[in-house]
Enquirer: 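Take a look at this one; I'll ask things after.
These numbers come from a predicted model, not from an experiment. Only this structure's heavy atoms are used, side chains among them; waters, hydrogens and symmetry mates stay out. Throughout, protein chains are lettered first and strands after them, A, B, ... in sequence-line order, and every chain is numbered starting at 1.
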Amino acid sequence: MAFVTLHNVTYQYPLTQSPALQEINLKINEGEFLAVVGPNGAGKSTLCYALAGFVPHFFKGELTGEITVDGKKSSEATLDEWVMNVGLAFQNPFNQISGAKFTVFEELAFGLENIGIPREEMKVRVEEAMALTGIRELADRSPYSLSGGQQQRVALTSILVMKPKLLVLDEPTSQMDPIGTREVFSVVRKMAEEGMTVVMVEHKVEWIANFADRVMALKDGRMVLEGKPNEVLTSDMLAENGFGISRYTSTAREAKKRGLWKKENLPVTLDEAVEGFAK
Amino acid sequence: MNLNRSFFVPVNSPLHNLNPLTKLALVFSMILPAFLSLPQLAPFLAIPILIAVFIGRVQKQYFNLLLKLVLPTILFMFVMQSLFLPGGETVILNLGIFDVTRESMQSAFYTVSRIFVMISSFAILLLTTHPSELMSDLTRRGLPGQFAYVIISTLQILPQMQAKAQTIIAAQRSRGLDTESSFRKRIGSLVPLVGPLVFGSLVEVEERAIAIEARGFTSKRVKTSLHEIPDPAFDKILRGILVILVIASFTLNLWLS
Ligand SMILES: Nc1ncnc2c1ncn2[C@@H]1O[C@H](COP(=O)(O)OP(=O)(O)OP(=O)(O)O)[C@@H](O)[C@H]1O
Ligand SMILES: [Mg+2]
């Protein structure tokens, strides 16, 4: 059975005219890395909140359908139980700093203190998580003194240290340079290899093509496409609907019209483009 | 900007090594007698305060704080009280309708002494105690976690709000908002700042609530704490002595009066 299932999920925020999510049906296997793409306002963040239990337990409004993670229904759990299994890092890293801690090390320990992890184990887990995401040298800095990209790394680490079974990341690299982005994707891939299930909202399609197992495309609250990264990210439908497209895909699409691209599939990454044009 | 955003001075001293609760007990064993006992006592409490400043090795920061914050406040209070406290016979100074009397000056002196004792004791506590340790220790002893969170995050977030107000002002000014002319005009032109500051804060509060919730803040499990905060027998005995001293001072006070 799938580890995460969304069955006919429809959700509307209070005081809004139309649903932010409409009839979403989705299954995610354990250890799978699913990327979510979509234009602004598509409902990506809302989907993250729904997976992490904040819809409907924090945001009121109307939720129909059913979300199941690890055999448990989100509607039947309480939020504080739900977050033990599902970790969420969201878009703005600044607002994810707890504000209760004075160093990055303490900030990372905050979640572990809350769930009662013994002190010695806490220290070990924080050290491990910092090594994983490469922020060891930030340990003694104030979280407020960091750059946006560094804060995003801290936000990601503060969730990883909790060892969730389902990791939900909402644009975790939006303020990062290419090196930071690569590290985040590698870490996330590694966690997935180790059995963590990952849902990641991301605009950087070339990275998705390299690292994710599957992609779903959202628009106006509906899932419009879903499948293998290369198939979804090169589909004409995305290009026509305002989704972010790799420049290699659009170049090859033009080339194909003029008969310069011979392969059936369009490329997403530089490597695929080079290989295709070389033929 | 102060990146640490706390008063804490990280040096090693006998005061730094006391348990936070012991220091809190010391603070109250200064404040309670200062306010509830004979007014003449308060000025003398400056002596133990000064001793504590040196034992805690925070002279520089303390006197800095004293000059910038405490002295202006208590001077202002002293002047106001001397002028406006009614009663007293011995007129020292006559300023039109105001009489400054010996008695009003004396009572103003006692009042500001009390204020001085209060602010100074808390200042020394904050200078020698890491805020996380203070809060962890108090939460461990049963202070509700939410309460501790509110206190400590307010300490941290105030400078953030201030920085943000500056950013918004800069942004509005670049769009032609007048923040530099006459007072009345300035008040009027502040109105457009309120929206972004307050609304921005509400969204931030919501996101922050989600963020700490996602990290188990309302979990019903028994919380643990990263810092081990020692509470040796010495501290317990000291607290016992302080309680006895405070009670004794009240008894003495009642007996004398
Ligand atoms: N707290 C809220 N209350 C009411 N409506 C909201 C709230 N948050 C989002 N919405 C609305 O729900 C819809 C989906 O928003 P959502 O934030 O999920 O989009 P998104 O795909 O994450 O966009 P972005 O790329 O800008 O992050 C939008 O129409 C938005 O206006
Ligand atoms: Mg979003």
Enquirer: Backbone N or O of R119(A) within a donor-acceptor pair of the T224(B) side chain at under 3.5 Å?
Expert: no

Enquirer: Between A214(B) and F54(A), what is the shortest heavy-atom contact and its length?
Expert: N-CZ, 3.8 Å

Enquirer: Side chain, backbone, both or neither: which part of E121(A) has a non-hydrogen atom closer than 4.5 Å to chain B?
Expert: neither

Enquirer: For the pair F110(A) and F217(B), name the ring-plane relationship: parallel under 30°, tilted 30 to 60°, perpendicular over 60°.
Expert: parallel

Enquirer: Could you report the tightest heavy-atom contact between R221(B) and I115(A), atom names first, then the distance?
Expert: CD-O, 3.3 Å

Enquirer: If you count heavy-atom pairs under 4.5 Å between each of M84(A), E106(A), Q96(A) and chain B, which one has the most?
Expert: E106(A)

Enquirer: Please tell me whether E213(B) and H57(A) have a donor and an acceptor in their side chains that are separated by less than 3.5 angstrom.
Expert: no

Enquirer: Between R215(B) and E113(A), does any NZ, NE, NH1 or NH2 come within less than 4.0 Å of an OD or OE carboxylate oxygen?
Expert: no

Enquirer: Heavy-atom distance under 4.5 Å to chain B: side chain of S158(A), backbone, both or neither?
Expert: both

Enquirer: Tell me, side chain or backbone of L112(A) under 4.5 Å from chain B's heavy atoms, or both, or neither?
Expert: backbone

Enquirer: Which members of residues 31-46 of chain A, sorted by number, sit under 4.5 angstrom from chain B on a heavy-atom basis?
Expert: none

Enquirer: Around L15(A), counting heavy atoms of other residues, nucleotides and ligands shown, do more than 12 lie under 6.0 Å from its CG?
Expert: no

Enquirer: For A109(A), which atoms come within 4.5 Å of any heavy atom of chain B: side chain, backbone, both, or neither?
Expert: side chain

Enquirer: Grab the two heavy atoms, one from F90(A) and one from E207(B), that are nearest each other, plus how far apart they are.
Expert: CZ-O, 3.2 Å

Enquirer: Got a sec: does the CZ of F234(B) have more than 12 other heavy atoms crowding it under 6.0 Å?
Expert: no

